[in-house]
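Order of the sequence lines sets the chain letters (A, B, ...), proteins ahead of strands, with each chain counted from 1.
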2 protein chains.
Amino acid sequence: MEQTYMKKADLANVLKLLGDQTRLSVMSYLEEDECCVCEFVELLNMSQPAISQHLRKLRDAKLVKEKRKGNWIFYEINKGHEAYYVVHEILKQIPDSKKELDELSNNNLRIICD
Amino acid sequence: MEQTYMKKADLANVLKLLGDQTRLSVMSYLEEDECCVCEFVELLNMSQPAISQHLRKLRDAKLVKEKRKGNWIFYEINKGHEAYYVVHEILKQIPDSKKELDELSNNNLRIICD
DNA sequence: CCTCTATATAAGTAATTGCTTATATAGTAA
DNA sequence: TTACTATATAAGCAATTACTTATATAGAGG
C-alpha cells in the first residue's frame with residue numbers, strides 16, 4: 001500500500017463521508033466482504049431508505065461500486081479510489097466487522113448467490 | 001507508530017471533526033508546528049471568531065492542547081490522543097502545509113516568542 | 001489601578017444533514 | 001403480460017453546522 005497525496009478539499013470530503021457512524025460501519029463491512037442493501041439493513045438495524053441514501057453518498061463519491069447479482073444489488077469497496085490508502089488505514093482501526101458479518105452468516109441472514 | 005483500535009463512534013467523531021476543510025487545515029499546520037490563533041486567521045483568511053470556534057471543537061475532542069505564551073495562546077497537536085496514529089496517517093496525505101507556514105515566516109507574519 | 005491586545009463566547013441565521021413516510025423503478029419469474 | 005422483490009428516489013422536517021456581528025474575558029504592561 002503506497003503513500004498518496006490528495007487535495008485538502010477532496011480529503012475533507014472523504015473524511016466527512018466517513019465521519020458518520022452508519023457510513024463508517026458500511027465501509028468497515030465492505031472492507032471485509034461485499035454486501036447487499038438488505039444485509040446492511042440487518043447489520044445496522046436501520047430502515048432500507050436510510051441505508052440506500054447513505055450508500056448513494058458513498059457511491060457518488062466513488063468510494064464504493066455496485067453490481068447486480070440476481071435480485072440483489074451488491075456493493076463493494078472501490079480499491080482504485082485515490083483515497084483508498086487512507087480509507088484503509090482508517091478502517092484498520094475498527095476491530096469487529098468480520099465478527100459481525102460472521103454472526104450474520106451464523107443466523108443464516110447472509111445473501112449468497114453465485 | 002503503532003496500530004491502535006477505537007470504538008466506531010469515537011472514530012466517527014474524530015473523522016467528522018477532520019471532515020471540514022478549515023479544521024483539517026488547522027490540524028495539518030499543527031502537525032508541522034505549534035501555532036497561535038492569529039496565525040490561523042492569516043493562513044486561512046477567516047475571521048477570528050470562526051477560527052476560535054473550530055479550535056474549541058478540536059480542543060473539546062482533545063485533539064489539540066493549548067498553552068499561553070505571553071499575549072498569545074498557542075495550540076499544538078495532542079500526540080497522546082488515542083486517534084493520533086490515524087490522524088497522523090490522514091495528515092500525511094496533505095503535502096504543502098510546511099511550505100505555507102514557511103511563506104508566513106517569509107512575510108514576517110509568524111509569532112515568535114521564546 | 002487602567003488600558004490594550006489576543007482570544008473566547010453568545011446570539012442569530014442560512015444551509016446542510018439524516019432521518020421519516022410514501023412512492024417509483026428495475027429486474028425476476030410465473 | 002402481470003405480480004413480486006429489492007432497491008432507489010422524493011418530499012418533508014427536526015437537528016446540527018458554520019458562519020456572522022457584538023460583546024466578554026484574561027493576561028500583559030504602563
Take atom [atom1] of [X] and atom [atom2] of [N], then tell me their distance rounded to the nearest Å.
X       : N      : atom1 : atom2 : result
A/Glu66 : C/dG27 : CD    : C1'   : 13 Å
A/Leu18 : C/dG18 : CG    : P     : 12 Å
B/Arg56 : D/dT17 : CZ    : P     : 12 Å
A/Leu44 : C/dG18 : CG    : P     : 14 Å
B/Asp60 : D/dT17 : CG    : P     : 12 Å
B/Lys57 : D/dT16 : NZ    : P     : 11 Å
A/Asn71 : C/dA26 : CG    : C1'   : 10 Å
A/Asn45 : C/dC19 : CG    : P     : 12 Å

Review point. Side-chain N or O of B/His54 less than 4.0 angstrom from OP1 or OP2 on D/dC19?
Key: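 Affirmative; the distance criterion is met.
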Check your understanding: Should B/Ser52 be listed as having a side-chain N or O under 4.0 Å from OP1 or OP2 of C/dT7?
Key ->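 Looking at the OP1 and OP2 atoms of C/dT7, neither is under 4.0 Å from any side-chain N or O of B/Ser52.
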Point to revise | Residue closer to the 5' end of DNA chain D, B/Arg68 versus B/Ala50 (nearest nucleotide) | key: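 The residue closer to the strand's 5' end, by nearest nucleotide, is B/Ala50.
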Review point. Starting at the 5' end of DNA chain D, which residue's closest nucleotide do you reach first, A/Tyr75 or B/Thr22?
Key: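 Checking each residue's closest nucleotide, the 5'-ward one belongs to A/Tyr75.
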Check your understanding: Is there a donor on the side chain of A/Gln48 or the base of D/dA8 sitting less than 3.5 Å from an acceptor on the other?
Key ->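 Yes, a donor-acceptor pair under 3.5 Å.
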Review point. Taking the side chain of B/Pro49 as its heavy atoms from C-beta onward, which of D/dC19, D/dA22, D/dA8 lies nearest to it?
Key: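 For B/Pro49, the side-chain atoms sit closest to D/dA22.
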Practice item. Could you pull out the closest heavy-atom pair between B/Cys35 and B/Leu101, with the gap in Å? Key: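 That would be SG-CD2, 4.0 Å.
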Check your understanding: How close do B/Lys8 and A/Ile94 get, heavy atom to heavy atom, and via which atoms?
Key ->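 Looking at all heavy atoms of both residues, the closest pair is CG-CD1, 3.8 Å.
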Review point. Would one find more than 12 heavy atoms of other residues, nucleotides or ligands at under 6.0 Å from atom CG of A/Asn45?
Key: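 At most 12 heavy atoms, drawn from other residues, nucleotides or ligands, come within 6.0 Å of this atom.
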**Study point:** Residue whose nearest DNA chain C nucleotide is more 5′ - A/Gln53 or A/Lys16
**Key:**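 In this pair, the answer is A/Lys16.
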Point to revise | Pair B/Lys57 + B/Asp20: basic N to acidic O under 4.0 Å | key: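 No, B/Lys57 and B/Asp20 are not salt-bridged.
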Check your understanding: Is A/Asp102 paired with A/Lys98 through a side-chain N to carboxylate O contact shorter than 4.0 Å?
Key ->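 A salt bridge is present here (some side-chain N lies under 4.0 Å from a carboxylate O).
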